[in-house]
Amino acid sequence: MRRAVTFVSLHCRWPPVVWVVIGGMFVMRTAFFMAWPFLAIILSRDFGMSPSGIGALLGGAFLVSALAGLWAGNLGDQFGPVRLMLAGCGLAAAGYGLLATGADVAAIAAGALLVGLSRAALEAPGKAIIADCLADRAQRDLAFHLRYFAINLGGAIGPLLGIVFGLTARQTTFWVTAATHATFAAVVAAVAVPAHAAAAPGARESRTFRAAARVLRGDRPFQLLVLAMFLTMAAYAQLESTLIQYVSGHDGAVGARLVTALLMTNTITIVLFQFPLLRLLSPYRVEARIHVGLALFVAGFIAYALLPVRGVVPWIVATWVLSVGEAILFPTLQLHVDRIAPSHLKGSYYGAAGLSAMGFGLGPLVGGVLLEHAGGSVTFSVTAAATAVCGVCYRLADRLRR
């Protein structure tokens, strides 16, 4: 781990705007996870919503975010990613303010919709800023890995801070998240606006949504890549939904302890192993790294399909294998999109790739149906098979690209 830290510190001599984007992502995700994961409890306890209604509201916000990403990325190409990021911060502050003050379900739904739109307006521009500021490929690779690390670290710290400060499952906690986004907007305005020029007017004609859509429609390898990413997200979603239902449904107290152990294993693995793995795999092509990550996914899901729900250690080992695959795969997929995207359409390609996030919405639905009607072994076997199909799609896309 010490060598990995040294490796990062020696290579992170970047413009301040890059650090602003990565640091801002960490702070915003920490504040997000202090409040958002507990929104379902608030909706059930304070507003009397049914589980299906809660699922529709939260799933709708996620779907809006995924669909809006395509347009958001293109707007960043046209008007500059910094301007779009500032707009996203404004939408987020307004949305979280509604969630903090909403007195009825309509106000909460409006707030959730704004939050979904804001995520689309923050994700793709942040990646585009990193790509624009770091011309060296190795530096961009490291920055994308650090960005993913910051997101995961914020996801681990956020709920803990909420518990420590007694903020969990309180509607007013969303004020903290709103204030965080407003503060980030001020920092971006002070640091990023002077340092990051907007798109040149002469280049905007080729960056309109119609022009970008025409390029995307003609890029068959990229379409295959998005399909493969969609299936990858749908498979990974089983770790956060179907697996928890399957394990916790056996012997309540034991199941609850096992769920806690598996979630902690996943988080700790990402935090501790991401940069050592980056250093270990950096000599290899991005495509090779993708297949290594997918192979570990397949191994983890096969283990889930074969293991009986008893004994903590085998489940922890299987989750560790799958989590190592996650630490390799997800940052590498962002690198792959960055490398194949035309320089003047980075935001559009990032936004289009964001459509694959709909797999996070469909995956739990399909996994839940399979778990209910076919059992855990079949569910995780199907997931392993779908992950293997992803590998075929990635390889075919790579061949078409070459």
Side-chain angles (χ1 to χ4, degrees), residues 62-63 65-78 81 120 123-125 127-128 130-132 137 140-141 144 148 199 203-237 284-295 297-298 325 328-363 366 382-402:
F62 198 90
L63 182 62
S65 176
L67 292 175
L70 179 60
W71 284 271
N74 181 253
L75 288 173
D77 287 334
Q78 292 189 62
E123 288 286 335
K127 298 172 188 174
I130 292 173
D132 290 346
R137 177 176 288 184
R140 286 205 310 272
D141 289 2
F144 278 117
Y148 187 71
R204 286 178 184 169
E205 180 61 31
S206 64
R207 301 182 184 192
T208 63
F209 180 76
R210 181 176 297 179
R214 186 163 56 248
V215 173
L216 293 171
R217 281 198 303 268
D219 194 338
R220 301 297 182 190
F222 180 70
Q223 294 170 15
L224 266 176
L225 175 64
V226 173
L227 173 61
M229 291 174 66
F230 170 82
L231 291 174
T232 303
M233 304 302 178
Y236 178 76
Y284 300 95
R285 294 175 60 241
V286 165
E287 293 80 7
R289 291 184 241 171
I290 288 175
H291 289 291
V292 170
L294 287 175
F297 264 39
V298 171
I328 296 170
L329 184 59
F330 284 174
T332 305
L333 289 176
Q334 298 301 325
L335 302 181
H336 196 35
V337 174
D338 173 70
R339 293 185 181 184
I340 66 177
S343 59
H344 66 292
L345 289 175
K346 291 286 187 183
S348 297
Y349 270 70
Y350 291 141
L355 293 173
S356 63
M358 288 191 291
F360 280 122
L362 183 62
V366 175
V382 170
T383 305
T387 306
V389 172
C390 293
V392 175
C393 292
Y394 285 123
R395 183 168 294 279
L396 181 58
D398 185 34
R399 287 182 178 178
L400 289 175
R401 178 72 59 189
R402 289 176 180 277

- Non-hydrogen atoms of I328 and P331 that approach each other most closely: O-CD, 3.9 Å

- Note on the structure: CE (M229) and CG (L224) are apart, to the nearest 0.5 Å, by 13.0 Å

- Item | Flag side-chain contact, heavy atom, 4.5 Å: K127 against F144 | yes

- Message: For R339, is the CZ atom crowded, meaning more than 12 foreign heavy atoms sit under 6.0 Å from it?
- Response: yes

- Query: What's the spacing between Y394 OH and L396 CG if we round to 0.5 Å?
  - Reply: 13.0 Å

- Item | Expected output: side-chain R140 to main-chain L335 donor-acceptor under 3.5 Å | no

- Task: May I ask you to test the H336-R289 pair for a side-chain heavy-atom distance under 4.5 Å?
- Result: no

- Quick one: pull up CZ in R220 and CG in L225 and give me the separation to the nearest 0.5 Å. 14.5 Å

- Message: How close do A388 and V298 get, counting heavy atoms only, and between which atoms?
- Response: N-CG2, 4.0 Å

- Item | T383/F297 under side-chain contact (heavy atoms from CB on, under 4.5 Å): CA gap, chis, key distance, verdict | CA-CA 9 Å; T383 305; F297 264 39; over 6 Å; no

- Message: Show, in sequence, the C-alpha distance, side-chain angles and deciding distance for T387 and T232, and conclude whether the side-chain contact (heavy atoms from CB on, under 4.5 Å) test is met.
- Response: CA-CA 6 Å; T387 306; T232 303; over 6 Å; no

- Message: Can you give me the closest heavy-atom contact between G359 and A237, atom names plus distance?
- Response: O-CB, 4.3 Å

- Query: Side chains of Y148 and L333: closer than 4.5 Å at any heavy-atom pair?
  - Reply: no

- Item | Over all atoms of both residues, closest heavy-atom pair of L227 and C393 | CD2-SG, 4.4 Å

- Query: What's the shortest heavy-atom distance between P125 and A120, and which atoms?
  - Reply: CD-O, 4.1 Å

